[in-house]
Asks: 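The structure under discussion is supplied below as structure tokens; questions concerning it will follow.
Numbering of ligands and ligand atoms starts at 1, following listing order.
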Amino acid sequence: MTSAHAKAAGELLAFYLDAGVDAVVGETPVDRLAAGAAEERSPAASPAAAPSPRAAEGDGAPRPAAAANPMRAPQRAPRPSTGASSDDGGPPLFPARPAADLAPPEEAVMAAREAARQAQTLDELAAILARFEGCALKATATRLVFADGNPAGRVMFVGEAPGADEDREGLPFVGRSGKLLDRMMEAIGLDRRSAYIANIIPWRPPGNRTPTPLESQICLPFILRQIELAGPDILVCLGAPATQALIGVKDGIMRTRGRWFSYAAGAREIRAIATLHPAYLLRQPLAKRLAWRDFLAIRAALAEADASAGGARG
Ligand code: URA
């Protein structure tokens, strides 16, 4: 390869990265738009008759037929290949639809609220989310990233959205920032058997872009219900987006971190604290001492609650 070719290849890869293409999943490109057009012309291969793309990926989530689905995503993008689905040139994953067929954003938000309200258990909530079609992020994510850890744990950590590792494994905080979170939890006597972990957004935004305000709004009812159903004693918001979404403070994370707030988890008032996101700490290791103070405050709050429970018993 000449140096001009190498330079052009480098530029092309940089372009792909900027566009959110960050995984190699096949040798040959698949034109899903062309396949979609072919399918639209053939009623026998209509989306209602086609197998669910997600079910084909093995997450077990039945996808309702497009016409019967009240929770349709407000926008539908053609789905890029993720590696988990078949690349056999089979039926299109997301055939283009007429604009009139798309639900307006406020309908998706209403549908999310209604769907989240229906869940009586965390398992039900996960199943409802797996069927929910109101958030466009589902179309580009490989799988739903619902939660990890112990839902009966006293502490619940909430981050922003899954990244590539989480998207691959279907579990939150399993990449580099997750490893750091594990170490931080361990330092105060917690781990994934004793704490519960989730995100505001349960699907990876393509290329790890920031979720749009609409995507956050659509996903918010689900995480609120998840916190309510898990019922932790302490809620830890990891980073500014989770803090703003859950605690509603507008101050920056540097002013908000380390402060305790009261959080209404359904009918229960629990304690909530904001701290720095582990991904930020990886970029700014000097800030770890601030996060360490926050984690010590969490440990002290747990000990305090133990002491007063012991006092009440004795
Ligand atoms: N960052 C998050 O906010 N959540 C994850 O699950 C992983 C990285």
Side-chain angles (χ1 to χ4, degrees), residues 17 20 22-23 59 82 84 122 125-126 129-130 135 137-138 140-151 153 155-186 190-213 215-220 222-224 226-227 230 232 234-249 252-254 256-257 263 272-285 287-288 290-291 294-295 298:
L17 261 183
D22 55 6
D59 71 356
T82 58
L122 288 168
L125 185 65
L129 253 177
C135 181
L137 291 176
K138 181 179 183 182
T140 49
T142 307
R143 59 186 82 235
L144 174 69
V145 177
F146 182 66
D148 195 18
N150 184 351
V155 183
M156 177 168 178
F157 293 88
V158 180
E160 184 184 20
D165 296 308
E166 290 76 20
D167 182 60
R168 242 186 321 270
E169 293 195 29
L171 293 171
F173 284 101
V174 291
R176 277 183 72 222
S177 56
K179 301 281 176 283
L180 178 56
L181 177 62
D182 285 341
R183 290 206 300 278
M184 292 159 75
M185 288 196 297
E186 194 186 330
L190 295 174
D191 59 21
R192 291 180 191 235
R193 281 163 307 181
S194 58
Y196 189 51
I197 306 173
N199 281 307
I200 299 289
I201 309 270
W203 295 284
R204 181 198 184 202
N208 293 349
R209 67 159 169 75
T210 302
T212 65
E215 287 158 358
S216 300
Q217 233 189 319
I218 291 171
C219 293
L220 189 61
F222 295 107
I223 184 66
L224 295 181
Q226 195 170 353
I227 297 168
I234 293 178
L235 175 67
V236 183
C237 303
L238 298 168
T243 305
Q244 280 163 12
L246 298 179
I247 302 181
V249 283
I253 188 70
M254 283 303 177
T256 316
R257 57 143 285 277
Y263 177 90
I273 191 169
T275 190
L276 303 173
H277 194 287
Y280 174 78
L281 298 176
L282 288 172
R283 293 192 303 272
Q284 304 287 339
K288 282 183 187 168
L290 299 175
D294 304 340
F295 272 65
I298 296 165

Asks: Identify, for atom 2 (C) of ligand 1, the protein heavy atom at the shortest distance, and state residue, atom and that distance.
Replies: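 Here the closest protein heavy atom is Ala161 O, 3.1 Å.
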
Asks: Around atom 4 (N) of ligand 1, find the nearest protein heavy atom and jot down its residue, atom name and distance.
Replies: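 Here the closest protein heavy atom is Asn199 OD1, 2.8 Å.
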
Asks: Got an N/O contact under 3.5 Å between Pro172 and ligand 1?
Replies: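 So ligand 1 has no N or O lying under 3.5 Å from an N or O of Pro172.
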
Asks: Provide the number and element of each atom of ligand 1 under 4.0 Å from a heavy atom of Gly159.
Replies: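 Taking each heavy atom of Gly159 in turn, ligand 1 has 3 (O) under 4.0 Å.
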
Asks: Could you check if a side-chain atom of Phe146 sits within less than 4.5 angstrom of a side-chain atom of Leu125, using non-hydrogen atoms only?
Replies: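 A side-chain contact exists here, since the closest heavy-atom pair is under 4.5 Å.
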
Asks: Can you find an N/O atom of Ser177 closer than 3.5 Å to an N/O atom of ligand 1?
Replies: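 By distance alone, the answer is no.
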
Asks: Apply salt bridge (charged side-chain N to carboxylate O under 4.0 Å, His left out) to Glu160 and list each qualifying residue two or more places apart in sequence or on a separate chain.
Replies: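 Once residues adjacent in sequence are excluded, Glu160 has no partner under the salt bridge (charged side-chain N to carboxylate O under 4.0 Å, His left out) criterion.
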
Asks: Please check this pair: side chain of Asp182 against backbone of Met185, looking for a donor-acceptor N/O pair closer than 3.5 Å.
Replies: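 No; judged by distance alone, with no hydrogens or angles, the pair does not exist.
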
Asks: What class does the angle between the rings of His277 and Phe173 fall in, given that below 30° is parallel, 30 to 60° is tilted and above 60° is perpendicular?
Replies: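 Correct class here is tilted.
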
Asks: Under a 3.5 Å distance rule, please check whether Asn150 uses its side chain to pair with a backbone N or O of Arg193 as donor and acceptor.
Replies: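 Between the backbone of Arg193 and the side chain of Asn150 there is a qualifying donor-acceptor contact (under 3.5 Å).
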
Asks: Any idea which atoms of ligand 1 are less than 4.0 Å away from a heavy-atom of His277?
Replies: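 Selected atoms, number and element: 1 (N), 2 (C), 3 (O).
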
